[in-house]
Amino acid sequence: MKKTIMMLFIMLMSSQFVQAQGTSVHMHRRVADTDMEEVIKREVKYWSKFAESEIEKGNMTFWGVFVRIGGTDLENEPNILIVNGFTDIDKEINWGGIKDMFPDVKMEDMETRHLSTTTDMIVLRDLKNHIQVPGATGDDFNFVRIKYHNVKDLGWHFRFEADKVKPFFKADMDAGKSKRKGWGNAVILEPKSEKFPYKAYSYNLFSRLSDALNPRHKEGTPFPDGFFDEYQKNVAGPDNSRLYRVIKVVNK
């Protein structure tokens with residue numbers, strides 16, 4: 001967690017999908033309350049070590065596990081997010097190779113799939129728009145709010161974020177006025193369906209839960225009048241917003 005979690009969300013999506021490089025996958029899972037502690041223990045003790053080895057080999061760029069905070073249908077909604085960043089999406093990872101790292105541990109005592117249900121898999125590509133507060137460390141990135149955006153014109157949306165949102169947030173971060181410690185965005189590549197109408201993704205990083213719950217600027221820096229007027233015209237439906245606690249991240 002000491003390493004810059006900014007890399008998490010940069011690697012979360014990544015560079016040129018058409019060249020099969022830097023693709024990342026969000027795996028949303030549902031874990032029963034009675035199994036949550038065991039799942040987190042296994043992910044941190046075993047799978048983070050496996051991810052480290054795959055990163056060293058150049059097969060992966062990033063791995064992270066996050067626990068969701070809040071929600072509505074708590075008995076059914078996904079409450080764990082696993083992020084895998086791949087150097088080449090066409091190069092299969094030998095997940096069974098974890099046995100070579102822990103030869104004295106049975107696979108059933110390491111794997112977490114039988115303790116969880118995968119509800120969603122989202123594939124993303126980074127836009128290299130990440131910003132963060134000057135001098136940030138891993139201690140600044142303890143919570144993340146992710147948003148899947150439902151927009152009409154994807155190109156317009158990203159131009160607005162690059163030309164308006166990013167500079168505004170960066171100025172506030174540089175001036176020490178923002179509760180946000182980091183921000184960035186990405187293109188959603190899959191799925192594409194009526195059940196999942198979202199085309200764009202963004203994230204906001206925070207050091208404290210209270211800031212994540214109420215991200216208004218510390219010193220009340222207001223958005224300019226009419227800042228979001230044109231943005232609202234491009235909205236096709238509500239965002240899908242989810243808040244997570246950072247449990248463990250490994251990256252280059």
Side-chain angles (χ1 to χ4, degrees), residues 5-6 8-18 22-24 26 28 69-72 81 120 122-134 136 140-141 143-207 210-244:
I5 208 168
M6 85 169 210
L8 156 63
F9 289 94
I10 289 180
M11 299 304 181
L12 270 178
M13 297 93 36
S14 288
S15 55
Q16 298 297 320
F17 181 75
V18 294
T23 306
S24 292
H26 288 194
H28 294 279
I69 297 172
T72 51
L81 172 62
D120 306 275
I122 317 300
V123 184
L124 309 100
R125 175 171 58 86
D126 180 42
L127 295 177
K128 300 185 183 298
N129 278 324
H130 176 83
I131 53 175
Q132 65 182 40
V133 294
D140 290 303
F141 307 124
F143 300 91
V144 58
R145 182 175 293 281
I146 72 171
K147 286 187 178 182
Y148 300 127
H149 300 275
N150 187 0
V151 298
K152 300 173 184 176
D153 186 328
L154 184 62
W156 188 95
H157 172 83
F158 284 126
R159 287 192 296 273
F160 178 85
E161 290 202 324
D163 297 341
K164 298 289 185 67
V165 176
K166 179 180 177 180
F168 181 82
F169 284 171
K170 186 178 187 305
D172 251 23
M173 289 179 194
D174 290 348
K177 295 181 179 180
S178 178
K179 293 181 179 181
R180 291 177 178 84
K181 301 302 182 179
W183 173 91
N185 60 4
V187 178
I188 294 175
L189 300 173
E190 289 290 340
K192 298 176 181 178
S193 69
E194 292 182 359
K195 291 184 178 180
F196 191 85
Y198 312 102
K199 300 177 181 178
Y201 163 84
S202 67
Y203 59 88
N204 290 275
L205 300 166
F206 303 91
S207 60
S210 58
D211 292 340
L213 294 171
N214 180 24
R216 292 184 179 275
H217 304 289
K218 286 181 180 178
E219 299 179 12
T221 305
F223 286 104
D225 291 342
F227 187 88
F228 284 109
D229 287 355
E230 291 300 314
Y231 178 88
Q232 291 299 328
K233 295 178 183 179
N234 192 47
V235 172
D239 295 337
N240 185 330
S241 178
R242 306 178 185 187
L243 179 61
Y244 292 89

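Residue Leu124 holds its CG atom at 6.5 Å from CG of Leu189, rounded to the nearest 0.5 Å. Interatomic distance, Glu161 CD to Trp183 CH2, rounded to the nearest 0.5 Å: 4.5 Å. Taking CZ of Phe158 as the reference point, atom CG of Leu127 lies at 5.0 Å (rounded to 0.5 Å). Residue Arg242 holds its CZ atom at 14.0 Å from CD1 of Ile69, rounded to the nearest 0.5 Å. Separating the OG atom in Ser202 from the NZ atom in Lys147 is a distance of 6.0 Å, to the nearest 0.5 Å. Taking CG from Asp120 and NZ from Lys195, the interatomic distance works out to 11.0 Å, rounded to the nearest 0.5 Å.
For Pro224, the side-chain contact (heavy atoms from CB on, under 4.5 Å) test picks out Phe168, Phe227, with sequence neighbours left out. Taking Ser193 as the reference, nothing meets the side chain to side chain donor-acceptor pair (under 3.5 Å) condition, with sequence neighbours excluded.
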Requested in this report: Tell me, with the steps shown, if Lys233 and Asp229 meet salt bridge (Lys or Arg N to Asp or Glu O under 4.0 Å).
Outcome: CA-CA 7 Å; Lys233 295 178 183 179; Asp229 287 355; over 6 Å; no
Query raised in the report: Does the side chain to side chain contact (heavy atoms under 4.5 Å, CB included) test come out yes or no for Ile122 and Tyr198, once each step is laid out?
Result: CA-CA 10 Å; Ile122 317 300; Tyr198 312 102; over 6 Å; no
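Across all their heavy atoms, Lys179 and Asp211 have their closest contact at CD-OD1, 3.3 Å. Between Phe143 and Ala212, the shortest heavy-atom distance links the atoms CB-CB, 4.2 Å. Of all the heavy atoms in Gly182 and Phe141, the pair that sits closest is N-CE2, 4.2 Å. Considering every non-hydrogen atom in both Pro167 and Ala162, the closest pair reads CD-O, 3.3 Å.
Contact annotation: the side chain of Leu205 never approaches that of Gln132 to less than 4.5 Å [non-hydrogen atoms, C-beta and beyond]. Looking at Leu81 and His26, their side chains come closer than 4.5 Å, going by heavy atoms from C-beta outward. Counting heavy atoms from C-beta outward, Leu213 and Leu243 have side chains that approach closer than 4.5 Å. Side-chain contact check for Phe160 versus Asn234: every heavy-atom pair is 4.5 Å or farther apart.
Using bins of under 30°, 30° to 60° and over 60° for the plane-to-plane angle, the ring pair Tyr148/Tyr201 lands in the tilted bin.
Judged purely by distance below 3.5 Å, without hydrogens or angles, the side chains of Asn185 and Asn129 pair a donor atom with an acceptor atom.
No donor-acceptor distance shorter than 3.5 angstrom exists from the side chain of Lys199 to the backbone of His149, with no hydrogens or angles considered. A distance-only check finds no donor-acceptor pair linking the side chain of Lys164 to the backbone of Phe228 [under 3.5 Å].
Across Arg145, Lys181, Arg180, a single residue satisfies side-chain hydrogen bond (donor to acceptor under 3.5 Å, both in side chains) together with Asn204, and that is Arg180.
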